[in-house]
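Just below is one structure, and these are the notes that go with it.
The model shown is predicted, which means the values in this text are computed figures rather than measured ones.
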Amino acid sequence: MSFDRRRFDHIGIPTKEAREGEVFVEATRVWLTSPRAHPANIEWLRYEPDTQVPAPVRDLPHVAYRVDNIQEALKGHEVLMDVFEIGEGFAQIAFILFEGAVVEFMQYRNPEEEGWI
């Protein structure tokens with residue numbers, strides 16, 4: 001299996017430092033920045049101590065890809081976080097473990113989306 005590099009969305013990097021422009025996502029208890037605002041499409045993630053996000057997703061960097069059908073994309077993979085919605089319908093996301101690396105799948109409501117939550 002390989003991932004379509006043309007569907008690359010962003011890289012997520014955990015941090016302990018507050019970053020300018022970060023927003024809070026209550027569902028996962030994380031502060032995050034918009035990768036659209038970073039020249040290398042980096043999303044900084046700062047988790048609250050009481051987050052329920054599993055350790056690999058919380059502690060390791062991840063790479064995110066856009067998918068047309070998130071349920072199909074998950075088939076055959078070790079799912080770390082099953083599908084959930086972000087940004088009031090902005091996108092559905094899920095995380096898998098692929099050969100020791102954390103990968104995020106994102107199915108945007110609008111496939112041409114260029115903004116952020």
Side-chain angles (χ1 to χ4, degrees):
M1 148 126 229
S2 63
F3 297 95
D4 185 348
R5 293 178 187 173
R6 296 169 298 173
R7 308 287 318 263
F8 167 78
D9 192 83
H10 68 270
I11 297 171
I13 302 176
T15 184
K16 302 271 188 222
E17 300 174 23
R19 299 284 176 151
E20 185 177 333
E22 65 185 8
V23 296
F24 188 66
V25 178
E26 180 66 40
T28 51
R29 308 281 302 148
V30 64
W31 294 90
L32 56 84
T33 63
S34 169
R36 310 292 180 254
H38 192 280
N41 281 44
I42 293 175
E43 169 192 56
W44 297 100
L45 302 110
R46 184 170 57 91
Y47 291 94
E48 290 292 322
D50 62 345
T51 185
Q52 298 299 306
V53 171
V57 175
R58 182 185 66 235
D59 299 337
L60 298 174
H62 69 266
V63 61
Y65 293 92
R66 293 175 182 234
V67 297
D68 295 325
N69 184 319
I70 200 163
Q71 293 298 337
E72 286 295 316
L74 291 175
K75 288 183 178 176
H77 293 291
E78 179 182 344
V79 176
L80 296 172
M81 287 183 72
D82 209 349
V83 179
F84 64 99
E85 190 174 282
I86 59 169
E88 299 176 16
F90 176 76
Q92 292 182 318
I93 66 172
F95 290 87
I96 65 165
L97 192 62
F98 183 78
E99 296 183 4
V102 177
V103 176
E104 178 182 9
F105 292 136
M106 305 185 74
Q107 181 180 333
Y108 285 92
R109 177 179 50 215
N110 172 2
E112 303 303 316
E113 182 62 63
E114 294 182 5
W116 199 240
I117 59 173

Open item on the list: What verdict does the side-chain contact (heavy atoms from CB on, under 4.5 Å) test give for N41 and F8, after you've listed the backbone C-alpha separation in whole Å, the side-chain angles of each residue and the deciding distance to 0.1 Å?
Closed with: CA-CA 10 Å; N41 281 44; F8 167 78; 4.1 Å; yes

Task: W44 and E17: CA distance, side-chain angles, deciding distance, side-chain contact (heavy atoms from CB on, under 4.5 Å) verdict - done: CA-CA 9 Å; W44 297 100; E17 300 174 23; over 6 Å; no

TODO: Evaluate the side-chain contact (heavy atoms from CB on, under 4.5 Å) criterion for residues D82 and L74: first the C-alpha distance (whole Å), next the side-chain angles of each, then the deciding distance (0.1 Å), finally the verdict.
DONE: CA-CA 9 Å; D82 209 349; L74 291 175; 3.7 Å; yes

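The shortest side-chain heavy-atom distance between D9 and Y108 falls under the 4.5 Å cut-off. Within the 4.5 Å cutoff, side-chain heavy atoms of W31 are placed close to those of E48. You'll find the side chain of T28 reaches within 4.5 Å of the side chain of F84, heavy atoms only. Side-chain contact check for R58 versus T51: some heavy-atom pair is nearer than 4.5 Å.
If you chain together hydrophobic residues whose side chains sit under 4.5 Å apart, V83 and F98 fall into the same group. In the hydrophobic cluster analysis, where Ile, Leu, Val, Met, Phe, Trp and Tyr join through side-chain heavy atoms closer than 4.5 angstrom, V79 is grouped apart from V57. W116 and I13 sit in two unconnected hydrophobic clusters of ILVMFWY residues. Membership requires side-chain heavy atoms under 4.5 Å apart, directly or through other members. Under the 4.5 Å side-chain contact rule for hydrophobic residues, I86 and M81 share a cluster. If you chain together hydrophobic residues whose side chains sit under 4.5 Å apart, F90 and F95 fall into the same group.
Pairing each heavy atom of G87 with each of I117, the nearest pair is CA-CG2, 4.0 Å.
Here OG1 of T33 is found 11.0 Å from CZ of R36. Values are rounded to the nearest 0.5 Å. We find the CE-CD1 distance between M106 and I93 to be 6.0 Å, quoted to the nearest 0.5 Å. Atom CG of residue L32 and atom CZ of residue R19 lie 13.0 Å apart, to the nearest 0.5 angstrom. Taken to the nearest 0.5 Å, the NE2 atom of H10 stands 3.5 Å off from the NE2 atom of H62. In this structure, the separation between CZ on R46 and CZ on F24 is 9.0 Å, given to the nearest 0.5 Å. One distance of note links CD of E72 with CD of Q107; it measures 10.5 Å at 0.5 Å rounding.
E113 contributes no side-chain N or O that, together with a main-chain N or O of N110, makes up a donor-acceptor pair within less than 3.5 Å. R7 places no side-chain N or O within 3.5 Å of a backbone atom of Y65 that could act as its donor or acceptor partner. A donor-acceptor distance shorter than 3.5 angstrom exists from the side chain of H38 to the backbone of A40, with no hydrogens or angles considered. Formation of a donor-acceptor pair under 3.5 Å by the R66 side chain with backbone atoms of P111 is found in this model.
A tilted orientation is assigned to the rings of F105 and F3, their planes being inclined by 30° to 60°.
Partner V102 forms a side chain to side chain contact (heavy atoms under 4.5 Å, CB included) with one of D59, V63, L80, I96 and no other, that one being L80.
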